[in-house]
K.L.:
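Here it is, the structure, as structure tokens.
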Amino acid sequence: CVAHGFCDAPIVPRFAAPQELLDAMRARLAHLHRPLYALAIGTSEERKQWGEQNFVDLATALCAHGAGVVLLGGPQERQLAHSILAGMPEALREQAHVLTDAPLLGSVAALHVVDACIGNDTGMIQIAAAAAKATYALLGNRPALDHDPLMVSILAPSLADVSVSQVLDAIGVKTHSGNGP
């Protein structure tokens with residue numbers, strides 16, 4: 001757009017969900033603790049999938065620190081989301097919510113309700129940043145996503161090398177040993 005003269009500088013995309021969807025999502029997620037983190041667990045490419053156990057460990061650590069977690073994905077991530085929830089300690093499961101049944105605008109509304117989004121390199125992290133939420137993209141060894149000031153790229157030699165501790169450090173959650181809560 002800059003090159004074609006439509007604008008003088010890059011424009012950071014922002015958008016909102018319809019008010020009725022925001023109200024419905026606020027009500028649906030009201031029981032969860034704050035801060036509230038969306039974990040964008042889906043991806044269109046397996047190489048961009050951080051992995052079930054990593055998400056289990058991250059959700060567990062966040063909930064152990066008193067936060068709430070929304071396991072955000074589409075219908076194709078329903079089983080993964082339920083497996084992540086089942087992998088968490090039973091006492092922490094009430095602080096997490098599976099959200100895989102919402103239409104796209106429902107997911108957008110959820111991203112407006114949460115405090116931050118952490119996830120695979122997928123469209124949902126782009127939407128989270130456009131919803132003006134702090135967004136943490138799990139990338140591994142690839143170029144950072146730097147098109148939005150609200151997006152933080154979490155890099156490592158490979159995606160498999162991105163540790164839960166590294167993610168917790170990036171979002172500002174302090175751990176006792178560096179390996180978890």
K.L.:
Just verifying a value: how many Å separate C117 SG and M151 CE, rounded to the nearest 0.5 Å?
P.N.:
8.5 Å
K.L.:
Does any non-hydrogen side-chain atom of H31 lie less than 4.5 Å from one of H97?
P.N.:
yes
K.L.:
Considering only heavy atoms from C-beta outward, does the side chain of N120 approach that of I125 to under 4.5 Å?
P.N.:
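Side-chain contact under 4.5 Å: no.
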K.L.:
Distance from L62 atom CG to D57 atom CG, nearest 0.5 Å?
P.N.:
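So the gap between those two atoms works out to 11.0 Å.
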K.L.:
If you measure from CZ on R78 to OG on S83, what distance do you get to the nearest 0.5 Å?
P.N.:
12.5 Å
K.L.:
So V70 and L39, side-chain contact (heavy atoms from CB on, under 4.5 Å) or not? Walk me through it.
P.N.:
CA-CA 6 Å; V70 175; L39 302 185; over 6 Å; no
K.L.:
Between N141 and L155, is there a side-chain heavy-atom distance shorter than 4.5 Å?
P.N.:
no
K.L.:
Atom CD1 in I154, atom CG in L159: separation rounded to 0.5 Å?
P.N.:
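Between atom CD1 of I154 and atom CG of L159 there are 10.5 Å.
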K.L.:
Hey, is the main chain of G68 close enough, under 3.5 Å, to the side chain of R34 for a donor-acceptor pair?
P.N.:
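Not confirmed, R34 side chain does not pair with G68 backbone.
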K.L.:
Between D101 and R28, does at least one N-O distance fall below 4.0 Å, as a salt bridge requires?
P.N.:
yes
K.L.:
Under 3.5 Å, is there a donor-acceptor pair between the side chain of R93 and the main chain of L85?
P.N.:
yes
K.L.:
Do L138 and V164 sit in one hydrophobic cluster, given that two such residues count as connected whenever their side-chain heavy atoms are within less than 4.5 Å of each other, even indirectly?
P.N.:
yes
K.L.:
Without swapping roles, check the side chain of H112 against the backbone of F15 for a donor-acceptor pair under 3.5 Å.
P.N.:
yes
K.L.:
Can you check whether D148 reaches T135 side chain to side chain, under 4.5 Å on heavy atoms?
P.N.:
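No. Closest side-chain heavy atoms not under 4.5 Å.
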K.L.:
Counting C-beta onward and ignoring hydrogens, is there a side-chain heavy-atom pair between L80 and F55 closer than 4.5 Å?
P.N.:
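Side chain of L80 against side chain of F55, heavy atoms only: no contact under 4.5 Å found.
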K.L.:
Show your working on side-chain contact (heavy atoms from CB on, under 4.5 Å) between T60 and L92 and close with a plain yes or no.
P.N.:
CA-CA 7 Å; T60 297; L92 297 176; 3.9 Å; yes
K.L.:
Going through the distances and angles, do M124 and L111 end up as a side-chain contact (heavy atoms from CB on, under 4.5 Å)?
P.N.:
CA-CA 9 Å; M124 276 299 120; L111 289 167; 3.8 Å; yes
K.L.:
With a 3.5 Å distance limit and no angle check, can you tell me whether E45 reaches the backbone of R47 through a side-chain donor-acceptor pair?
P.N.:
no
K.L.:
Does a sphere of radius 6.0 Å around CD in E90 hold more than 12 heavy atoms from other residues, nucleotides or ligands, not counting ones at 6.0 Å or beyond?
P.N.:
no
K.L.:
Just so I know, are the side chains of Y37 and L32 near enough to count as touching, which here means a heavy-atom distance under 4.5 Å?
P.N.:
no
K.L.:
Kindly indicate whether the side chain of D169, heavy atoms from C-beta on, has any atom under 4.5 Å from the side chain of Q166.
P.N.:
no
K.L.:
Consider only side-chain heavy atoms of I, L, V, M, F, W and Y, link residues closer than 4.5 Å, and tell whether L139 and V152 are in one cluster.
P.N.:
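Result: no, two separate clusters.
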K.L.:
Treating W50 as the side-chain partner and I41 as the backbone partner, does any N or O pair qualify as donor plus acceptor under 3.5 Å?
P.N.:
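Side chain of W50 to backbone of I41, a donor-acceptor pair under 3.5 Å: no, none is there.
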K.L.:
Do V69 and H33 have side-chain heavy atoms sitting under 4.5 Å apart?
P.N.:
no
K.L.:
Please report the interatomic distance OG1(T122) to CG(L72), rounded to the nearest 0.5 Å.
P.N.:
9.5 Å
K.L.:
Give a yes or no on whether I171 and V113 share a hydrophobic cluster (residues Ile, Leu, Val, Met, Phe, Trp, Tyr; joining criterion: side-chain heavy atoms under 4.5 Å apart).
P.N.:
no
K.L.:
Distance from H65 atom NE2 to L168 atom CG, nearest 0.5 Å?
P.N.:
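H65 atom NE2 to L168 atom CG measures 7.0 Å (nearest 0.5 Å).
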K.L.:
Report the C-alpha distance between T100 and L71 in whole Å, list the side-chain angles of each, state the deciding distance to 0.1 Å, and finish with yes or no for side-chain contact (heavy atoms from CB on, under 4.5 Å).
P.N.:
CA-CA 8 Å; T100 58; L71 299 168; over 6 Å; no
K.L.:
Decide whether I118 and V98 are clustered together by the hydrophobic rule: side chain heavy atoms of Ile, Leu, Val, Met, Phe, Trp, Tyr closer than 4.5 Å, transitively.
P.N.:
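Cluster IDs for I118 and V98 match.
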K.L.:
Would you confirm whether E52, through its side chain, and I84, through its main-chain N or O, come within 3.5 Å as a donor-acceptor pair?
P.N.:
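Looks like no, no N/O pair under 3.5 Å.
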K.L.:
Take K133 and D115 through the test salt bridge (charged side-chain N to carboxylate O under 4.0 Å, His left out) and record every step on the way to the result.
P.N.:
CA-CA 6 Å; K133 296 299 174 174; D115 298 301; 5.4 Å; no
